[in-house]
Number of protein chains: 2
Amino acid sequence: MAGLRERKKEQTRRRIAEVALRLFAERGFDAVTINEIAEAAEVAKVTLFKYFPTKESLVLQGVGEEDLAGIVAARPPGQSPLEALRAHYRAFATEPVVVAAVDRDALITQMRVIFDSPALSSGANDLLYGQRQALARVLAEEHDELTAALMAAQITASVLTLQERFFRHLVDGASLEEAGRHLVEDVELAFDLLRHGINH
Amino acid sequence: MAGLRERKKEQTRRRIAEVALRLFAERGFDAVTINEIAEAAEVAKVTLFKYFPTKESLVLQGVGEEDLAGIVAARPPGQSPLEALRAHYRAFATEPVVVAAVDRDALITQMRVIFDSPALSSGANDLLYGQRQALARVLAEEHDELTAALMAAQITASVLTLQERFFRHLVDGASLEEAGRHLVEDVELAFDLLRHGINH
DNA sequence: TACAAAAGCAAACCCGGTTCATATTACGTT
DNA sequence: AACGTAATATGAACCGGGTTTGCTTTTGTA
């Protein structure tokens with residue numbers, strides 16, 4: 001049951017995030033102060049920090065939450081880790097369910113804000129760091145440690161590159177459909193490169 | 001000619017860095033305050049920040065200064081980018097000239113401090129970000145943009161993994177020679193993987 | 001109705017980093 | 001050797017992100 005308490009909390013949380021995103025989009029991440037956001041969202045500063053641990057998290061929440069290690073761990077028997085990941089991104093590219101459900105403008109605004117701020121880009125980068133280690137741990141079950149670490153590093157780096165290109169298309173004005181079509185091709189290229197190596 | 005002015009500057013700079021590294025090693029990066037460092041190094045806070053732009057830079061200076069893009073751009077004709085980079089790291093691993101010149105204990109302490117602090121690890125990570133883009137730009141001369149970006153991402157991620165393992169060996173107590181021997185093998189494995197891909 | 005838990009809040013505080021106006025120091029010139 | 005200038009050093013005040021503390025309000029429950 002969704003009690004009044006929980007509804008209100010969710011509501012407050014969303015209000016803060018929306019206000020923050022709007023202000024960031026208007027004036028840039030660095031030029032907006034936490035106090036301004038709190039004031040505009042009509043909460044105390046300390047309350048804001050109870051919902052969002054850092055200024056960055058106001059924008060980065062929900063970004064890079066994919067569980068690469070989980071995808072590999074849950075793959076059907078007989079499928080290689082790389083095939084499992086390729087299948088996952090293929091599916092994501094051709095049928096971006098999650099994306100379509102969210103407000104498109106908000107998503108694009110979010111991407112633009114992230115791209116425009118080095119602090120946020122770097123923060124988004126960090127989020128993949130944990131994924132990489134988790135993925136390396138899963139891959140270490142069937143490879144030696146160094147190979148697993150290298151594979152994980154290459155895979156996460158490639159995924160990050162794909163994300164960046166997808167978002168860049170959006171930021172540069174492409175529609176969600178156009179960006180999705182690009183992504184479909186890009187995924188295949190990326191995984192082919194991972195699979196067959198750099199010298200063809 | 002090295003005037004008194006320049007000598008004093010260099011001296012102050014080194015004193016600050018040494019004091020900072022010692023305090024960080026003793027009590028951890030986060031637990032040491034900029035004011036403490038300034039006080040212990042007998043300079044004003046504002047002076048410290050004239051030498052080092054951020055707290056992180058007190059430890060990260062000199063880390064990740066390799067110029068991947070430059071190595072590729074300067075390679076002899078007929079050599080592939082990957083071969084050029086492999087040759088560079090092979091040479092570095094078998095004959096760590098730079099490393100041998102520096103105080104070993106200080107280097108190892110530095111690595112330990114970096115590894116023990118998420119903020120510093122993430123900062124070291126960021127330093128490779130610029131390298132990656134520069135490398136992608138160079139590679140884009142002979143590949144399409146996506147391929148160049150993916151190659152650069154995979155290469156820098158692999159290099160970072162190699163660095164991490166090298167440093168981890170040192171931090172775990174291996175001698176410089178032992179760590180170097182490991183590195184020699186690791187370099188070959190890493191570049192073979194890059195060259196031939198993940199599925200053999 | 002009473003009450004404990006959850007949520008919110010204002011104010012003071014800590015720390016990294018910057019600004020500013022003032023002092024000190026090294027260097028080239030006469 | 002004395003002097004003027006530019007580089008460097010400094011203390012103090014300030015800013016913004018984030019935390020701590022102690023208190024009030026709100027909400028679910030008995």
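Here is the naming used below: chain letters follow the sequence lines, and residue numbers restart at 1 for every chain.
- We find that OH of A/Tyr51 is positioned 13 Å from C1' of C/dC9, with the value rounded to whole Å.
- Computed from coordinates, the B/Glu6 CD to D/dT8 C1' distance equals 13 Å when rounded to whole Å.
- The side chain of A/Lys8 contributes no N or O atom lying less than 4.0 Å from OP1 or OP2 of D/dT26.
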Across nucleotides 1-6 of chain D, 5' to 3', mark each nucleotide with B, S or - according to how protein heavy atoms within less than 4.0 Å reach it. -----B
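- A heavy atom closer than 4.0 Å to some atom of DNA chain D occurs in no member of residues 109-129 of chain B.
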Can you build the contact string for nucleotides 15-24 of chain D? Use B for base contact, S for sugar-phosphate-only contact, and - for no protein heavy atom under 4.0 Å. -SSBBB----
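- Heavy atoms of B/Phe52 sit nowhere under 4.0 angstrom from any nucleic acid atom.
- By the ring pair (Phe, Tyr, Trp, His ring centres under 6.0 Å) test, A/Phe29 pairs with A/Phe24, sequence neighbours left out.
- No donor-acceptor pair closer than 3.5 Å links the side chain of B/Arg195 to the backbone N or O of A/Asn199.
- Proximity of B/Leu170 to B/Leu176: side-chain heavy atoms (C-beta onward) are separated by under 4.5 Å at one or more points.
- For B/Lys9, the listed nucleotide lying nearest its side chain is D/dT8; candidates were C/dG8, C/dC9, D/dT8.
- Residues B/Arg132 and A/Thr161 form a side-chain contact, since some pair of their non-hydrogen atoms from C-beta on lies under 4.5 Å apart.
- If you take NZ of B/Lys50 and C1' of D/dT10, they are 9 Å apart, rounded to a whole angstrom.
- A search for ring pair (Phe, Tyr, Trp, His ring centres under 6.0 Å) contacts involving B/His88 returns nothing, not counting sequence neighbours.
- Counting heavy atoms from C-beta outward, A/Glu177 and A/Arg181 have side chains that approach closer than 4.5 Å.
- Cluster partners of B/Leu128, by chain and number: B/Leu160. The rule joins Ile, Leu, Val, Met, Phe, Trp and Tyr whenever side-chain heavy atoms lie under 4.5 Å apart.
- Separating the CZ atom of A/Arg13 from the C1' atom of C/dA7 is a distance of 15 Å, rounded to the nearest angstrom.
- The backbone N or O of A/Ile114 sits less than 3.5 Å from a side-chain atom of A/Ser121, completing a donor-acceptor pair.
- If you measure from atom CD1 of B/Ile37 to atom P of C/dG17, you get 10 Å, rounded to the nearest angstrom.
- For the pair B/Arg112 and B/Phe167, the cation-pi test (distance below 6.0 Å, angle within 45°) is failed.
- Nucleotide C/dA6 holds its P atom 19 Å from the CZ atom of A/Arg7, rounded to whole Å.
- Within the 3.5 Å criterion, the main-chain N or O of B/Ala69 finds no donor-acceptor partner in the side chain of B/Gln131.
- Residue A/Glu42 contributes atom CD, which lies 14 Å from atom C1' of C/dG8 at whole-angstrom precision.
- Using a distance-only test at 3.5 Å, with no hydrogens or angles considered, no donor-acceptor pair links the side chain of B/Ser117 to the main chain of B/Val113.
- As a whole-Å value, the separation of A/Leu48 CG from C/dA7 P is 16 Å.
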